Structure formats: structure tokens, C-alpha cells
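To start, the structure under review is shown below, and the notes come after it.
We number each residue from 1, following the sequence as shown. Computed from a predicted model, the values in this text were never measured in an experiment. Values below: all heavy atoms of this structure, side chains included; hydrogens, waters and symmetry mates excluded. When a ligand or atom number is given, it counts from 1 through the structure's own listing order.
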Amino acid sequence: MSLPSNSGTRPAQAIESAYRDARAVYGELGVDVEDALRRLAEIPISMHCWQGDDVGGFEGAADEIGGGLAVTGNYPGKARTADELRADLDRALSLVPGTHRLNLHASYAETGGERVERTDLAPAHFQGWIDWARGHGMGLDFNPTYFAHPQADDGLTLSHPDDGIRQFWIEHGIVCRKIGAAIGAALGTPCVTNIWIPDGMKDSPIDRKGPRERLTAALDAIFAEDLDPACNLDAVESKLFGIGSESYVVGSHEFYLGYAISRRKLLCLDAGHFHPTEVISDKISAVLQFLDRLLLHVSRGVRWDSDHVVILSDELRAIAQQLVRGDYLGRVHIGLDFFDASINRVAAWVIGTRAMIKALLLALLEPIDLLRRLENEGDFTARLAMLEEIKTLPAGAVWDYYCMTNDVPLGGAWLDDIRRYEADVLSKRG
Ligand code: RNT
Ligand code: ZN
């Protein structure tokens, strides 16, 4: 195998030799490391476009994103155009091993400076993104944008009591599904089109039923047309609360779980959309008893914020373990969802995406047969002991080797690359 040059300061031979040692250690536990790396290479992570510009989009009209979303920080260098955003994505992708996907929002349409209403969006407005994705051999996922718009100023969209406003947002959902299907057809891989709406109330509503009835009917209207699942897959995303919707969220977890099961849609579980001690890792095997497929918004909640940059936390590891142990990788679409404007935005993408891939690698390196046997034998002492012991197995050597053979920088070397990009490109943006 040809050895890439950018392996940081350590010679490639040292990385290879550490990898061989690690393979032997895992081999003794019955883990086939080569097979784990082959499987890892096949898992796409859908990187969210909105980390690159603080969920701004290109419509230029709204001052605030609204919808109970908030991006804090003012780190310089945010992308202002689609070309800048794509350049930043290119840079982030060059520092992440594997081939991934991009998750787009409708507000990132390219309309050539013309104001196009959200109900009039069409696949042509995403041609730049489709061409870019094709050039990278990547798939795209999509989201209608139900915030940062005057028709969403009341904090209600698909559940709004006003027929006209509701209809506006229904039409937005309909055109977005068509865009999703066109994207999927163009790229030959299904586009997951995910609906999240901000609808809710700051204080306790009298009527919790009416908005949910209206939302059910509105979703049914959006989904009325059957689309080829080879091109478009529909997902619905729940939330517990947002800023300004602290007391009531129309699209709660129970609402969308019921909706997704009864309408055979994908459910989207966002890691930051539950009570602080409630985790989505435990929900995966529960909801997949009744759903065909699942979308994850891998995020990190911290107190009021549901969207901190993803790190290799216990919960991230638990999510990946569930996907691997349950053999769910073919049924679960992994998307990222965070936005942090207080650090270098390109680095945020790299940190979060590398963390997700590392968590999957760790899960693929688990001695699952051994752990299962201990559990089946009722030897919970040994199960706990082993779970602790495997935490310090040489996974880092496997990760380094994976990065090196994917021609991406190891360890902190990727940060040098980001620093150069910041000096050469980001710092020059006004
Ligand atoms: C909001 C949801 C949603 C958004 C994106 C921008 O709470 O998590 O997924 O983050 O659509
Ligand atoms: Zn989300």
C-alpha cells in the first residue's frame, strides 16, 4: 500500500507497527480489526451544512433565525455565500476519513440573487449543491426550513390556527419533498428529507389538542403524494422544548413516534431534544421494533442548549454501540446537528465528525461475541470487568492507521491545516 505523506510527525512505519500490535491485541479477543475498518468505511455521516454559517442560509431577509434556535459566539470567518460554504466543507471533508453525505436546509437555495418564496423552491435552486455532491461521490439529505421567515414569526407553522399560514407551510413541505426526490434521483442514493418545526408555546396553553390535530392533518397533506423511496425518504423530528416554547411543543416525542409508526415514516431522534438525563441510545432498539428506519441527529445538549459540538462522550459511544450491537447500521441514517459560532466553524465540523467516526470505530472494535457470551452465561461480574478493560485497548493505533490510509492528517496535525486555512482564507472574510 502506498503511504501517504501527511501522517504528521510520526513516520508511517511507526504507525503501521503500532497498528499491527493493536491488531494482535484485538485478535486475541476475537475481534477482526481489518473487518471493522472495512465496515467503518461504509458508514456515511451526514454532515450538516448549517454549522458553517450559524444556520444563516442565503435568503438574507431574516435578522434572527428564530424558531427557538440560538447560535452564540462571533468567531470570525463565517461563510457568506454558497461558494464559501462549499470551500469550507471541502476543507473539513479533507480532514475526515471516509466518504460522507451533506445535509442541506431549504434556506441554502441558490437563487442567483432573486427572492424566491419558500413555496416556489425547485430542484434547480439546488443544482449547485447537487453538482458539488456528485463531484465528491457524496449523497445529499434535505430539510424544509420552518424558521427565519415572517410566516413563522408567531412561533407556529404547520399547526398555526390560520388556514393561510398553515397552507403556506404545507406547500413548503410539498416542494421540499419533491426537491428531495430530485436530489435522490440525480445522485442515485435516497435523500432523507427531515421535517422539524418550531411550533410551541412559551406558557401553558389551554388547548394542547387542537394544534396537534392541525399538525397531523398538515403532515398528512404534505405526505399525500407517494414518492419513490429509492429517491426520497421522509423523516419527522421531535423536540422537548425550545427558547420561547418552554411549556408546550406541538411535535413532541410521543406525537412523532405515533405519527412515524402509523404513517411508516422515519423518526428522527435528536440527541439534544430530550430531558437532560434521558438518552437516545436506549431508544434506538425500542423504536426500531416498530419502525423500518431511523434518522439520528447526533448532537450534544448542555443545559438549555441542544446543539453543542459533538465529542466522544459516553452517550456518543453508547449510540454507536447500539447501532453496531443491534446490527442496525443498514436501517439508521446518521446525521449531525450542532452549531457553535464561538470556535473555528470548520474545526467544529471536523471535531464532531471525527468524534462520530471514532465512536463507530470503538463500537466495531468491541469483542461482542465475548461480551454476549458472558451476559448469556449470567456472568455479570466478568461483563463489567471486561467492559472496563476494553476501554484502554489500543484503539488509538487503529484510528491513526485508518486516518493515514485514508490520507487525512493524524492526531492534532489536522488542526495545523485548519490554522493555515484560517490565516489564508477565513481571516480575509469581512
Ligand atoms: C432544531 C432541530 C433541527 C435544527 C436544524 C437546523 O431544534 O434540531 O434539526 O437544528 O433543522
Ligand atoms: Zn435536530
Rounded to the nearest 0.5 angstrom, the CZ-OG1 distance for F338 and T353 is 5.5 Å

For residues 253-261, which side-chain N or O atoms pair as donor and acceptor with protein atoms under 3.5 Å away, sequence neighbours left out?
residue : atom : partner : partner atom : Å
Y259    : OH   : D220    : N            : 3.3
Y259    : OH   : D220    : OD1          : 2.6

Determine whether S159 and L156 make a side-chain contact, defined as any pair of heavy atoms from C-beta on separated by less than 4.5 Å. yes

Are the aromatic ring centres of H275 and F241 under 6.0 angstrom apart? no

Does atom CD of E64 have more than 12 heavy-atom neighbours, drawn from other residues, nucleotides or ligands, at distances under 6.0 Å? no

Taking a 3.5 Å cut-off between nitrogen or oxygen atoms, can you list every pair linking ligand 1 to the protein, with distances?
residue  : atom   : partner : partner atom : Å
ligand 1 : 7 (O)  : K239    : NZ           : 2.7
ligand 1 : 7 (O)  : H273    : NE2          : 3.0
ligand 1 : 8 (O)  : E237    : OE2          : 2.9
ligand 1 : 8 (O)  : D270    : OD2          : 3.0
ligand 1 : 8 (O)  : H273    : NE2          : 3.0
ligand 1 : 8 (O)  : D337    : OD2          : 2.8
ligand 1 : 9 (O)  : E237    : OE1          : 2.8
ligand 1 : 9 (O)  : E237    : OE2          : 3.1
ligand 1 : 9 (O)  : H297    : ND1          : 3.2
ligand 1 : 9 (O)  : D337    : OD2          : 3.0
ligand 1 : 10 (O) : D337    : OD1          : 3.1
ligand 1 : 10 (O) : D337    : OD2          : 2.8
ligand 1 : 11 (O) : H105    : NE2          : 2.7

More than 12 heavy atoms of other groups within 6.0 Å of R419 CZ: no

N74 CG: over 12 foreign heavy atoms closer than 6.0 Å: no

What is the total of protein N/O/S atoms that are closer to the Zn ion (ligand 2) than 2.8 Å? 4

Side chains of E237 and I197, heavy atoms from C-beta outward: is any pair under 4.5 Å? no

Pairs flagged by ring-ring contact (aromatic ring centres under 6.0 Å, His included) wherever residues 294-322 is involved - sequence neighbours left out: none

